[in-house]
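Worksheet: the structure to be examined is printed underneath.
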Amino acid sequence: MGIDGLADADGILAAWRQERPDLEVSSLGPFIRMLQVTQLVSAAVERVFLEHGLRRGEFDVLTSLRRSGAPFTLTPSELAGLLMLSRAGMTNRLDRLEAAGYVERRLDPADRRSFLIALTPRGREVIDEAFTAHIANLHRLTASVSAEQRGQLDVMMRALLADLRATGGCQSSGLP
């Protein structure tokens with residue numbers, strides 16, 4: 001076990017090499033490390049969101065509206081698509097954000113049967129502060145890695161992600 005309570009990837013690989021010398025297990029190492037990085041980073045990222053009174057999902061909605069540009073307005077369907085959420089899941093987030101005064105629902109002037117979700121001035125202030133803190137936190141979390149290494153990691157992760165998307169991800173014959 002590492003000092004963070006997570007299993008040591010090298011130890012896991014060594015144990016599998018001993019127990020199953022017939023298998024090439026080197027691909028396991030990066031995936032163990034990706035899972036561990038995700039666990040550690042997720043906790044640190046959540047803390048920043050909570051410091052700004054936001055849950056991760058609320059942060060995601062507000063950043064989607066903010067990066068959409070002025071007038072910082074999207075339809076609920078556009079938001080759900082961007083965040084890969086069901087409409088019901090989106091409605092719950094929007095209800096909480098509206099109650100907090102961070103977004104407002106407006107009738108869509110182009111289609112009076114539907115609504116637009118708009119970032120309020122207070123919502124813009126909160127997300128600008130939270131996003132600034134989030135980026136500072138990510139810089140802190142990656143400080144031990146050089147800019148060149150971050151670029152290399154980004155290239156490798158982009159290639160892996162593109163391949164997984166193109167091949168249907170984890171779909172494999174013989175697996176449920």
Side-chain angles (χ1 to χ4, degrees), residues 30-31 33-143 145 147 150-172 175-176:
F31 284 94
R33 289 180 182 88
M34 280 190 276
L35 288 171
Q36 291 175 335
V37 165
T38 298
Q39 288 176 330
L40 294 170
V41 168
S42 290
V45 165
E46 284 293 329
R47 279 192 297 277
V48 170
F49 298 158
L50 290 173
E51 287 170 5
H52 291 85
L54 299 171
R55 298 176 190 174
R56 178 183 298 268
E58 295 163 348
F59 177 88
D60 292 343
V61 170
L62 294 177
T63 56
S64 294
L65 287 167
R66 179 65 174 94
R67 74 174 178 262
S68 72
F72 312 112
T73 303
L74 295 168
T75 67
S77 295
E78 289 171 325
L79 280 167
L82 287 169
L83 301 174
M84 297 181 285
L85 279 178
S86 69
R87 288 186 182 188
M90 180 56 63
T91 297
N92 291 334
R93 289 181 187 183
L94 294 175
D95 288 346
R96 289 191 304 268
L97 290 167
E98 188 173 36
Y102 299 155
V103 302
E104 62 184 15
R105 290 176 168 100
R106 299 177 182 160
L107 280 176
D108 184 346
D111 180 0
R112 294 182 51 94
R113 295 170 296 159
S114 63
F115 287 92
L116 296 173
I117 306 303
L119 193 61
T120 65
R122 176 70 183 131
R124 182 174 174 182
E125 180 182 316
V126 167
I127 198 55
D128 282 351
E129 290 172 7
F131 189 70
T132 299
H134 176 58
I135 293 300
N137 190 36
L138 295 179
H139 285 305
R140 180 187 63 79
L141 291 168
T142 59
V145 180
R150 280 192 304 273
Q152 292 168 347
L153 179 61
D154 190 47
V155 167
M156 289 184 281
M157 296 304 291
R158 189 182 309 241
L160 179 60
L161 184 58
D163 183 61
L164 290 171
R165 284 179 171 157
T167 61
C170 296
Q171 295 176 359
S172 174
L175 295 177

[atom2] on [Y] to [atom1] on [X], rounded to 0.5 Å:
X	Y	atom1	atom2	value
Thr75	Phe115	OG1	CZ	12.5 Å
Glu125	His52	CD	NE2	10.5 Å
Leu79	Leu97	CG	CG	9.5 Å
Glu98	Ile117	CD	CD1	7.0 Å
Thr142	Arg150	OG1	CZ	4.5 Å
Ser68	Leu82	OG	CG	9.0 Å

message: Does Val45 form a side-chain contact (heavy atoms from CB on, under 4.5 Å) with Leu138? I'd like the steps, not just the answer.
response: CA-CA 8 Å; Val45 165; Leu138 295 179; 4.1 Å; yes
Do [X] and [Y] have side-chain heavy atoms sitting under 4.5 Å apart?
X	Y	result
Ile127	Tyr102	no
Glu78	Leu83	no
Arg113	Leu107	no
Asp60	Leu85	no
Leu153	Met157	yes
Leu35	Phe31	no
Arg124	Phe72	yes

Keeping the roles fixed (side chain from [X], backbone from [Y]), state whether a donor-acceptor pair exists under 3.5 Å.
X	Y	answer
Thr73	Pro71	yes
Glu58	Arg55	yes
Arg56	Glu46	no
Asn137	Val48	no
Ser114	Asp111	yes
Thr120	Gly101	yes

field: Basic-acidic side-chain contact under 4.0 Å: Glu104, Arg106
entry: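 Here Glu104 pairs with Arg106 in a salt bridge, since their nearest N and O are under 4.0 Å apart.
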task: Assert yes or no for the condition that the ring centre distance of His134 to Phe59 is strictly below 6.0 Å.
output: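 Aromatic pair counts; centres sit under 6.0 Å.
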Between [X] and [Y], what is the shortest heavy-atom contact and its length?
X	Y	value
Leu65	Leu74	CD2-N, 3.7 Å
Thr91	Arg105	O-NH2, 3.8 Å
Ser86	Ala80	O-CB, 4.5 Å

field: CA sep, side-chain torsions, deciding dist, call: Gln36, Val41, side-chain contact (heavy atoms from CB on, under 4.5 Å)
entry: CA-CA 8 Å; Gln36 291 175 335; Val41 168; over 6 Å; no
